[in-house]
Amino acid sequence: MARTFFKKVIVAVNGRLSSIHASMYAIMMARTYNLSLKFVYVVDTATIKYLTMNKLLVTDEKNDFEEKLVADGKHYLEYVQQLAASKGVKAETELRNGGVFTEIIKVAEEYESDLILLGGREKGVHGSTFKKNVLSKDENEVLVNASCPVMIVQKPDIESVFKIF
C-alpha cells in the first residue's frame, strides 16, 4: 500500500456542487489510502446575527432562516455520508454553528486533521471559462489561517470517475 502524509481529512460541505465533488474526491482518497474522513457543514450564524443586528432580518425570519440552514446542513451531510458508505468508507459528520471559516479551522484542530479539502469553482460554472475569484471569502480565510495543508478540488468530471471507482 502506498504511504501517505495524511491520516485524517476533513471536507467542508456547503451545498455547492463543488463541495460535493470535493467530498467524492475525499471518499476516493480515504478508500485508496485508508484515511479517516470527516465532513463538516457550518450554519453561518455569524452572518445571520449580523443581518439581524442591522435590521435586515427580523427575529421571526432569523429563526426560520436558521432552521432552514440547519435542515439543509443535515441533508447535505447525510448525502455525503451515503456517498461514502456506497464506496465502503466510514465517515463522520459534524454540523456546526458560527462563522464558517473559524468553525472549519476549529474542527480541523479538534480532529487533528492533516488536510482540509474545499471545493473550488469549476470551469464552466456561471457561464464563464475564465476563473476569477476561485475561492469565496471564507474559503480564502481557511486557506490563509489553517494550521494544516488545504487542498482545493476542481475536478468537474469527478462524478463519472466516482461512479466507476
Side-chain angles (χ1 to χ4, degrees), residues 1-44 47 69 71-96 98-165:
M1 179 186 275
R3 241 181 115 196
T4 180
F5 291 107
F6 311 116
K7 292 182 178 142
K8 292 183 170 185
V9 176
I10 69 164
V11 183
V13 178
N14 61 12
R16 286 193 340 225
L17 183 59
S18 60
S19 77
I20 302 300
H21 287 175
S23 299
M24 291 176 176
Y25 195 85
I27 292 164
M28 291 188 298
M29 284 178 64
R31 184 171 158 194
T32 302
Y33 300 110
N34 195 30
L35 306 175
S36 297
L37 185 57
K38 185 173 199 171
F39 298 108
V40 180
Y41 185 99
V42 179
V43 175
D44 191 358
T47 298
L69 290 176
D72 285 351
K74 289 178 180 177
H75 169 78
Y76 287 116
L77 289 173
E78 182 180 310
Y79 178 71
V80 294
Q81 192 168 41
Q82 288 174 356
L83 286 176
S86 75
K87 300 300 179 185
V89 173
K90 291 183 181 179
E92 296 179 46
T93 61
E94 188 169 351
L95 181 71
R96 301 277 289 234
V100 174
F101 80 87
T102 55
E103 291 304 316
I104 291 170
I105 290 171
K106 282 181 191 176
V107 170
E109 290 170 358
E110 292 166 7
Y111 188 61
E112 297 178 353
S113 179
D114 303 303
L115 179 67
I116 300 171
L117 263 64
L118 303 173
R121 294 208 174 96
E122 297 166 349
K123 190 174 184 176
V125 175
H126 302 101
S128 173
T129 57
F130 296 103
K131 295 178 187 174
K132 294 181 187 174
N133 298 324
V134 175
L135 303 176
S136 70
K137 177 187 173 288
D138 288 319
E139 292 166 334
N140 192 54
E141 290 292 336
V142 170
L143 185 62
V144 170
N145 294 298
S147 58
C148 66
V150 178
M151 180 185 288
I152 309 299
V153 178
Q154 297 184 151
K155 192 160 178 60
D157 64 338
I158 190 85
E159 290 177 25
S160 57
V161 175
F162 187 77
K163 283 180 186 176
I164 61 172
F165 183 77

Could you report the tightest heavy-atom contact between [X] and [Y], atom names first, then the distance?
{"X": "Val42", "Y": "Gly99", "value": "CG1-O, 4.0 Å"}
{"X": "Leu77", "Y": "Thr93", "value": "O-CG2, 3.8 Å"}
{"X": "His21", "Y": "Lys155", "value": "ND1-O, 3.9 Å"}
{"X": "Ser113", "Y": "Cys148", "value": "O-CB, 3.6 Å"}

Subject >> Trace of the side chain to side chain contact (heavy atoms under 4.5 Å, CB included) decision for Ser18 with Val153 >> reply: CA-CA 8 Å; Ser18 60; Val153 178; over 6 Å; no

Hey, are the side chains of [X] and [Y] touching, using non-hydrogen atoms and a 4.5 Å cut-off?
{"X": "Leu117", "Y": "Leu115", "answer": "yes"}
{"X": "Val43", "Y": "Glu103", "answer": "no"}
{"X": "Tyr76", "Y": "Ser19", "answer": "no"}
{"X": "Phe101", "Y": "Glu139", "answer": "no"}
{"X": "Lys38", "Y": "Glu94", "answer": "yes"}
{"X": "Tyr41", "Y": "Asp72", "answer": "yes"}
{"X": "Lys74", "Y": "Leu95", "answer": "yes"}

Qualifying residues under salt bridge (Lys or Arg N to Asp or Glu O under 4.0 Å), relative to [X], sequence neighbours excluded:
{"X": "Glu141", "value": "none"}
{"X": "Lys7", "value": "none"}
{"X": "Glu110", "value": "Arg96"}

Straight-line distance of [X] [atom1] to [Y] [atom2], nearest 0.5 Å:
{"X": "Glu159", "Y": "Met24", "atom1": "CD", "atom2": "CE", "value": "4.5 Å"}
{"X": "Asn14", "Y": "Asp138", "atom1": "CG", "atom2": "CG", "value": "9.5 Å"}
{"X": "Leu37", "Y": "Ile10", "atom1": "CG", "atom2": "CD1", "value": "10.0 Å"}
{"X": "Gln154", "Y": "Ile152", "atom1": "CD", "atom2": "CD1", "value": "7.5 Å"}
{"X": "Lys8", "Y": "Asp114", "atom1": "NZ", "atom2": "CG", "value": "8.0 Å"}
{"X": "Phe6", "Y": "Ser36", "atom1": "CZ", "atom2": "OG", "value": "14.0 Å"}

side-chain contact (heavy atoms from CB on, under 4.5 Å) with [X]: which residues, sequence neighbours excluded?
{"X": "Glu78", "answer": "Gln82"}
{"X": "Ser23", "answer": "Val11, Val13, Phe39, Val80"}
{"X": "Ser86", "answer": "Phe162"}

**OP:** Answer yes or no: are there more than 12 heavy-atom neighbours, outside Tyr111 itself, under 6.0 Å from its atom OH?
**Re:**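 Atom OH in Tyr111 is packed in, count exceeds 12.
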
Subject >> Single hit among Leu35, Thr32, Leu83, Ile27 for side chain to side chain contact (heavy atoms under 4.5 Å, CB included) with Val89 >> reply: Ile27

Original post:
Can we say Lys106 and Glu109 salt-bridge, meaning some charged N sits less than 4.0 Å from an Asp/Glu carboxylate O?
Top reply: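 So Lys106 does not pair with Glu109 through a salt bridge.
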
